J.: 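Let me give you the structure first, and then I'll get to my questions.
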Amino acid sequence: MDKQTEFVLRTIEERDIRFVRLWFTDVLGMLKSVAVAPAELEGAFAEGIGFDGSAIQGFARVSESDMLARPDPSTFQVLPWRGDTMGVARMFCDILMPDGSPSYADPRWVLRRTLAKAADQGFSFYTHPEIEFFLFQNPLEPGREPIPVDNVGYFDHAPHGMGHDFRRNAISVLENMGISVEFSHHEGAPGQQEIDLRYADALSTADNIMTFRLVVKEVALEDGIFASFMPKPFRDYPGSGMHTHVSLFEGERNAFYEAGAPMQLSGVARSFIAGLLRHAPEITAVTNQWVNSYKRLTGGGEAPSYVCWGHNNRSALVRVPMYKPHKGNSTRVEFRSIDSACNPYLAYALILAAGMSGIEQGLELPVGAEDDVWSLSEAERRAMGIEPLPSSLSRAIQVMEKSELVAETLGEHVFEFFLRNKRAEWAEYSRQVTAYELDRYLPVL
């Protein structure tokens, strides 16, 4: 038994933990959970907990449904909102086949596999997400307009504001679980919040995002309000993104940093950005996986709609933040299209794969966009070689299904299931008769 496993078993006994929730995600990024008694944990660590994989979105066909969830002891945390008595803890799981091999359908394994490929070339991948979401006064019900908890804007500090009280409570819970928070503030739309997690390796970050989404919803419910990561709940206000800062390290050295280079960006960083730009349309169906995601991308409000990069240009898809003198390890790039409702394991795997493809091919970085890309005409964008991102889930699917990079990174099973699921989502959406259509056409046609 390794030291991490021993620590978990000892802590469970010392803290009087009565239930341990084993967490994993389906292919769409929905959190799944099974609770086990502490007495079952040694067996779970050794052999895993069996479950019916055919009942989980994208995991297995009925004929091959037996699967195992084996907890990762490095992810053990007590759930602080459950109180001191009858304590509850959680661990993320790796999903295995009956023979003990990794499941091809496990999003966590997709990311692990991609990280291992980068590690073979000497790189570690770090990510730092800025997670946006909305708080509403009322639970969402069909046909009922959501009501934001406040009517303030970017960086506003309203006296007795529910938003900053909520953020303080949520951050306390996150930090009690060992999830470090760097910044928090009110975002641009009424009721919209942002909490930024401190940078970490991409697998830890993806685990932390899954925990974050549950913590935010739990704390909101305790406060009598409702939280949502829906990308674009309001037509006239900005949507919620998850701008993610990424960097590659070689040991302790930031591979994106080169002293004296333009913007201090190394050749590795420039090729990584070029890879992101080349493959961005192909990975958009995963980084922005819902019909509603494209209302944010095409709706302005600092959401990127075009494939370009720029230095400190918030209209660009990829932004190079301002360099901090004497802080080479802070050199990074920001990928701005991704939203906070994605599956973070699959999204980070594809962002890394796209960037690594640029490095492997030695891609040259095109000229950066210093103008506000939204204000340019279509002719001006074409002249600059700036292409649009997919403007709908349907278009994103069409681009993704032709992508060798996405197919290879996700693996055949996840790739095919994801496409089937998203085609079905688009078909269902396309059949809807919206309030817009009734209001516009019914009186005049």
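Not measured: the values here are computed from a predicted model. These values consider heavy atoms only, across backbone and side chains, with no hydrogens, waters or symmetry-generated copies.
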J.: Other residues, nucleotides and ligands only: do more than 12 of their heavy atoms fall within 6.0 Å of OH on Tyr199?
T.: no
J.: Between Ser403 and Glu282, is the side-chain hydrogen bond (donor to acceptor under 3.5 Å, both in side chains) condition met? List the steps.
T.: CA-CA 6 Å; Ser403 172; Glu282 302 164 31; 2.5 Å; yes
J.: For Leu317, does its backbone N or O pair with a side-chain atom of Ser337 as donor and acceptor, under 3.5 Å?
T.: no
J.: Check whether any side-chain heavy atom of Phe272 lies under 4.5 Å from a side-chain heavy atom of Leu363, and answer yes or no.
T.: no
J.: Which atom pair, heavy atoms only, marks the closest approach of Leu111 to Ala206?
T.: CD2-CB, 4.1 Å
J.: Would you kindly say whether Tyr345 and Asp207 are connected by a side-chain donor-acceptor distance under 3.5 Å?
T.: yes
J.: Any chance you could lay out the side-chain hydrogen bond (donor to acceptor under 3.5 Å, both in side chains) test for Asp196 and His243, step after step, and finish with the verdict?
T.: CA-CA 9 Å; Asp196 301 355; His243 304 158; over 6 Å; no
J.: Would you say CZ of Arg112 has more than 12 non-hydrogen atoms from neighbouring residues, nucleotides or ligands within 6.0 angstrom?
T.: yes
J.: Would you please test Thr331 and Leu265 for side chain to side chain contact (heavy atoms under 4.5 Å, CB included) and show each step?
T.: CA-CA 7 Å; Thr331 302; Leu265 285 179; 3.9 Å; yes
J.: Does the pair Asp120/Lys117 count as a salt bridge with the N-to-O cut at 4.0 Å?
T.: no
J.: So how far is it from His279 NE2 to Thr409 OG1, rounded to the nearest 0.5 Å?
T.: 9.0 Å
J.: Would a distance-only check, ignoring hydrogens and angles, find a side-chain to backbone donor-acceptor pair under 3.5 Å from Asp26 to Leu28?
T.: yes
J.: For a quick test of reading the model, state the closest non-hydrogen atom pair linking Tyr294 to Thr284 and the distance between them.
T.: OH-O, 3.2 Å
J.: Identify the residue among Glu401, Glu416, Glu428 that makes a salt bridge (charged side-chain N to carboxylate O under 4.0 Å, His left out) with Arg423.
T.: Glu401
J.: With heavy-atom distances below 4.5 Å as the criterion, would you say the side chains of Val20 and Leu22 are in contact?
T.: yes
J.: To the nearest 0.5 Å, how far apart are CG in Leu352 and OG in Ser124?
T.: 10.5 Å
J.: Might you point out which heavy atoms bring Val8 and Pro73 nearest each other, and give the distance in Å?
T.: CG2-O, 3.6 Å
J.: Decide if the gap between the ring center of Phe92 and the ring center of Phe24 is smaller than 6.0 angstrom.
T.: no
J.: Does atom CZ of Phe234 have more than 12 heavy-atom neighbours from other groups under 6.0 Å away?
T.: yes
J.: Under 4.5 Å between any side-chain heavy atoms of Val333 and Ser247, yes or no?
T.: no
J.: Angle class for the His413/Tyr104 ring planes (parallel below 30°, perpendicular above 60°, tilted otherwise)?
T.: tilted
J.: Mind checking the CG-CZ spacing from Leu410 to Phe418? Nearest 0.5 Å is all I need.
T.: 8.0 Å
J.: Quick check on Arg213: does its CZ atom have over 12 non-hydrogen neighbours (other residues, nucleotides or ligands) under 6.0 Å away?
T.: yes
J.: With distance as the sole criterion, is a donor-acceptor pair present between the side chains of Arg90 and Ser33 under 3.5 Å?
T.: no
J.: Using only heavy-atom distances, determine whether the side chains of Asn208 and Thr205 contain a donor-acceptor pair under 3.5 Å.
T.: no
J.: Can you tell if the side chain of Val318 reaches within under 4.5 Å of the side chain of Glu334, non-hydrogen atoms only?
T.: no
J.: Working note: Lys422 + Leu393, criterion side chain to side chain contact (heavy atoms under 4.5 Å, CB included); need CA distance, chi angles, decisive distance, verdict.
T.: CA-CA 8 Å; Lys422 292 299 147 184; Leu393 181 61; 4.1 Å; yes
J.: Measure the spacing between CG of Asp106 and CZ of Arg113 and express it to the nearest 0.5 Å.
T.: 9.5 Å
J.: Less than 3.5 Å apart, any donor N or O on the side chain of His245 or Glu130 sitting next to an acceptor on the other?
T.: yes
J.: Determine, using ring centers only, whether Phe249 and Phe123 are less than 6.0 Å apart.
T.: no
J.: Find the distance between CD1 (Ile195) and CD1 (Ile131) and round it off to the nearest 0.5 Å.
T.: 8.0 Å
J.: Tyr348 and side-chain hydrogen bond (donor to acceptor under 3.5 Å, both in side chains): which partner among Asn343, Thr244, Thr114, Thr127?
T.: Thr244
J.: Can you confirm whether the side chains of Thr434 and Glu437 place a donor and an acceptor under 3.5 Å from each other?
T.: yes
J.: Hey, are the side chains of Ile283 and Val406 touching, using non-hydrogen atoms and a 4.5 Å cut-off?
T.: yes
J.: Looking just at side-chain N and O atoms, do Ser293 and Gln289 make a donor-acceptor pair shorter than 3.5 Å?
T.: no
J.: Any sub-3.5 Å donor-acceptor pair from Asn421's side-chain atoms to Phe417's backbone N or O?
T.: no
J.: Identify whether the distance between the nearest side-chain nitrogen and carboxylate oxygen of Asp339 and Lys232 falls below 4.0 Å.
T.: no
J.: Around atom CZ of Arg440, are there more than 12 heavy atoms from other residues, nucleotides or ligands closer than 6.0 Å?
T.: no
J.: Locate the shortest heavy-atom distance separating Ala255 from Ser266; write the atom from each residue and the value.
T.: O-OG, 2.5 Å
J.: Could you tell me which non-hydrogen atom of Met242 sits nearest to which non-hydrogen atom of Cys342, and how far apart they are?
T.: CE-SG, 3.9 Å
J.: Looking at every non-hydrogen atom in both residues, tell me the closest pair between Phe134 and Pro238 and how far apart they are.
T.: CZ-O, 3.6 Å
J.: Fit a plane to each ring of Phe229 and Phe133, take the angle between them on a 0 to 90° scale, and name the class: parallel (under 30°), tilted (30 to 60°) or perpendicular (over 60°).
T.: tilted
J.: Taking the side chain as every heavy atom from C-beta outward, state whether Trp109 and Ile95 have any atom pair closer than 4.5 Å.
T.: no
J.: What I'd like to find out is whether the side chain of Gln193 reaches to under 4.5 Å of the side chain of His185, using heavy atoms alone.
T.: no
J.: If you apply the rule side chain to side chain contact (heavy atoms under 4.5 Å, CB included), what do you find for Met400 with Leu419, and how did you get there?
T.: CA-CA 8 Å; Met400 173 179 159; Leu419 285 172; 4.0 Å; yes
J.: Spell out, as yes or no, whether a donor-acceptor pair under 3.5 Å connects the side chain of Glu222 to the backbone of Glu218.
T.: no
J.: With side chain to side chain contact (heavy atoms under 4.5 Å, CB included) as the criterion, how do Gln432 and Ser430 come out once you've worked through the C-alpha distance, each side chain's angles and the decisive distance to 0.1 Å?
T.: CA-CA 6 Å; Gln432 303 304 310; Ser430 298; over 6 Å; no
J.: If you round to the nearest 0.5 Å, how far is CG of Leu276 from CZ of Arg278?
T.: 12.5 Å
J.: Using atom types as modelled and distance alone, determine if a side-chain donor or acceptor of Trp309 lies under 3.5 Å from a backbone N or O of Pro366.
T.: yes
J.: Will you find, in the side chains of Ser240 and Gln192, an N or O donor that is under 3.5 Å from an N or O acceptor?
T.: yes
J.: Does a side-chain heavy-atom distance below 4.5 Å link Thr298 with Ser391?
T.: yes
